[in-house]
There are 2 protein chains.
Amino acid sequence: MPGSTRTPTLADVAAAAGVSLSTASLAFSGNKPVSASTRERVLAAAGSLGYTGPNPLARNLRQGRSGVVGIAVGPLSTAFRDPAALPMLDAVSEVLEAAGMGLLLMGDSVEHARLPLDAVIYQICGQETWAAYDDLVARDVPLVVVEGPAWPGATFIDIDHRAGAAAVAHHLHDLGHRRVATLTLQESHPQREREAGLREVFPDAVTIGRCVSDLAATQEMVSAFLDGEPDVTAVVCQSDVQAAGVVLEARRRGIDVPGGLSVAGFDGIDTPWLDLDLTTVVQPFAEKGRATARAALARTNDEPADDVVLPVELRLGASTGPTVSR
Amino acid sequence: MPGSTRTPTLADVAAAAGVSLSTASLAFSGNKPVSASTRERVLAAAGSLGYTGPNPLARNLRQGRSGVVGIAVGPLSTAFRDPAALPMLDAVSEVLEAAGMGLLLMGDSVEHARLPLDAVIYQICGQETWAAYDDLVARDVPLVVVEGPAWPGATFIDIDHRAGAAAVAHHLHDLGHRRVATLTLQESHPQREREAGLREVFPDAVTIGRCVSDLAATQEMVSAFLDGEPDVTAVVCQSDVQAAGVVLEARRRGIDVPGGLSVAGFDGIDTPWLDLDLTTVVQPFAEKGRATARAALARTNDEPADDVVLPVELRLGASTGPTVSR
DNA sequence: TTGTACGCGTTATCAT
DNA sequence: ATGATAACGCGTACAA
């Protein structure tokens, strides 16, 4: 069929099938009943014209929605290097996909904020500001914020950081520890809450430092400390990656874990490359992701979405033990 | 201003500013010159009406593009657990963001294929088929395929798997190795090419098995083999994660690396948790990502995009050494 | 430099 | 069950 240059539209299909535009539309959407025979005629016409279905762009304009949810995660290699982010994101994308919605990775640019997004998820652990925020608020784009920070109008999905941290602390206290040190994350809602939970039990915990959740960075940070503070019998970390770093660095310096030092983490990630099960606080990653996606979907449909705080669970591993003087 | 219920449109702004619709449009897009005074009047009117800029949905329909590129990666936790995927994706998103385009994570569902995407990147190492493919082709969505499989009409971005694998093989041969074993990935273009490169030098290499790029899975797979084949002096892997798994498992069984066994990887990822630099083939992740994004952008603009094959580089580490009988 | 008028391709309302 | 018609909100020839 040479010369058929323009890609066919629904109007072309309707004409070819000898039905009205609206009937052809219904034959595709199924939003109202259409007799089997006409539907067949429409689909046949579509097939012979090479019509591949309603143009998503036009549908989007008409319906006032794009079918896309943005997720603000910052630089990918930072966001996804964190093993705690993956299972959560997996659950988010699964729920959204089941609802026919796409997930768009957003950088912190106004360009991205101006894409047609039905809702935006903020999952920027540790980053407290976001340049595109004002734009989104001005455009009334529904916001779902995972683990803070507190922004008016947003739906919050969180876990009980404080209770988890307190549970770890109590566990160590029960084991006889009295002098503990802690390694904190960059200033953020989770960091503040986890620290508060720790200090419910150990108000005087020594702060080793603030450190991103990275193995090498952690090792460097704790290196000097491990030699200098023989009184400390336990180190409480704010992530499992940090805890693994402390374990590796302690061993490198001849300190046994947990014989000479107890180490606790947070998150409950897999660490197959560590031959030791960490004592840690397990978060419900999948449920956190599902709750996040559900909230985004609800707000996309102008339904209300309640804030959520999910419980966590202390998991005892082999990285903590009774106090032993060094 | 109570009662102003409808969100303002460009027409409202134009009316309020006392200019025509097209002038108001130009004041925002800057596609044609507008006198400074009128532009100011338009922007002022926009401000007082709470107009937040042209509706992206309408703009998309008008311009026939969505500003979104899809990337097919399969389940996120699988795709992103692979450390080789991150730096590449990072580069992709950086280039796209600089061009004002968004990156959408696609699952293999027709729903996702029907989202308005300007182009789709396939980065599904090891998965040879993709349900949504036919839909995309039918709708003439430009396709960019990273590391195969071969699909007509798609732009290909690849690295020189075969040369890299051959370089590793030659290195081992130079060290005196004659009897080597190999651990392969799931059937795929990279797997076939890397294997071919190895067999240019070692046609009779023993295949230990086929295994995803996962530490635990690798350790399980090589466990039995390491005891059973004392003739083998080197193991060539198709990823660094596999290589790390072999190193760890060998040590666990009392075999020194490289004293008792040489191990080579592929990719050139960071392995801070391994106290040994792997001999490996370094791929240019960032450049691969940039080339991929550039191809997607070009094809979005109906420009041609040539296929790309990037060179790789052998990096000698401490995991390979001269032959020693076990 | 500014205004007029049309079309992008669809879905929703209303009537038949 | 089907058809006519009106938006959806914008960009851009073309004319002035």
Side-chain angles (χ1 to χ4, degrees), chain A residues 5-43 45-46 49-67 100 114-118 139-141 301-302, chain B residues 5-43 45-46 49-67 100 114-118 139-141:
Chain A
T5 165
R6 200 169 50 81
T7 77
T9 75
L10 191 53
D12 300 327
V13 174
V19 301
S20 80
L21 180 53
S22 43
T23 307
S25 176
L26 294 179
F28 277 97
S29 71
N31 283 354
K32 294 215 160 161
V34 170
S35 84
S37 65
T38 47
R39 166 189 285 105
E40 210 158 302
R41 219 148 21 98
V42 171
L43 296 181
L49 286 181
Y51 180 74
T52 53
N55 179 325
L57 259 27
R59 188 218 307 263
N60 286 350
L61 172 59
R62 184 57 235 237
Q63 305 193 141
R65 35 156 69 225
S66 66
R114 288 206 209 282
L115 288 170
L117 302 172
D118 291 343
R139 291 184 36 223
D140 262 325
V141 178
N301 299 321
D302 285 318
Chain B
T5 165
R6 199 170 50 83
T7 78
T9 76
L10 191 52
D12 300 327
V13 174
V19 301
S20 81
L21 180 54
S22 60
T23 309
S25 176
L26 294 179
F28 277 97
S29 72
N31 283 356
K32 296 218 158 154
V34 171
S35 83
S37 64
T38 46
R39 167 191 281 105
E40 211 157 301
R41 220 145 26 93
V42 171
L43 295 182
L49 287 180
Y51 180 74
T52 52
N55 180 324
L57 260 26
R59 189 220 309 265
N60 285 351
L61 172 58
R62 188 54 238 248
Q63 305 192 145
R65 36 157 68 222
S66 66
R114 287 206 210 284
L115 288 171
L117 301 172
D118 291 343
R139 292 185 33 224
D140 261 323
V141 178

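To find a chain, count down the sequence lines: A is the first, B the second, and so on, and within it residues start at 1. Computed from a prediction, not measured in an experiment: that's the story for all the values here.
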Taking atom C1' of C:dT10 as reference, at what distance in whole Å does atom CG of A:Asp12 sit? 13 Å

Taken to the nearest whole Å, CZ/B:Arg41 to C1'/C:dT2 is 11 Å

With heavy-atom distances below 4.5 Å as the criterion, would you say the side chains of A:Asn60 and B:Asn60 are in contact? no

Can you confirm whether A:Pro54 sits close enough to A:Leu10 that some side-chain heavy atom of one is under 4.5 Å from a side-chain heavy atom of the other? no

What residues, two or more places apart in sequence or in another chain, satisfy salt bridge (charged side-chain N to carboxylate O under 4.0 Å, His left out) together with A:Arg114? A:Asp135

To check you understand the geometry: which heavy-atom pair defines the closest contact between A:Phe28 and A:Ala46, and what is its length? CZ-CB, 3.8 Å

Tell me every residue that passes side chain to side chain contact (heavy atoms under 4.5 Å, CB included) with A:Leu26, counting only those two or more places apart in sequence or in another chain. A:Ser29, A:Asn31, A:Lys32, A:Val34

Tell me every residue that passes side chain to side chain contact (heavy atoms under 4.5 Å, CB included) with A:Glu40, counting only those two or more places apart in sequence or in another chain. none

Here the salt bridge (Lys or Arg N to Asp or Glu O under 4.0 Å) pairs for residues 8-21 of chain B, sequence neighbours left out, are B:Arg6-B:Asp12

State, without any angle test, whether A:Asp118 and A:Ser66 hold a side-chain donor-acceptor pair at a distance under 3.5 Å. yes

So the stems of DNA chain C, runs of at least three Watson-Crick or G-U pairs (under 3.5 Å), are C:1-16 with D:1-16

For nucleotides 6-13 of chain D, read 5' to 3', which letter fits each nucleotide if B means a protein heavy atom sits under 4.0 Å from the base, S means only the sugar-phosphate is that close, and - means neither? BBBBBBB-

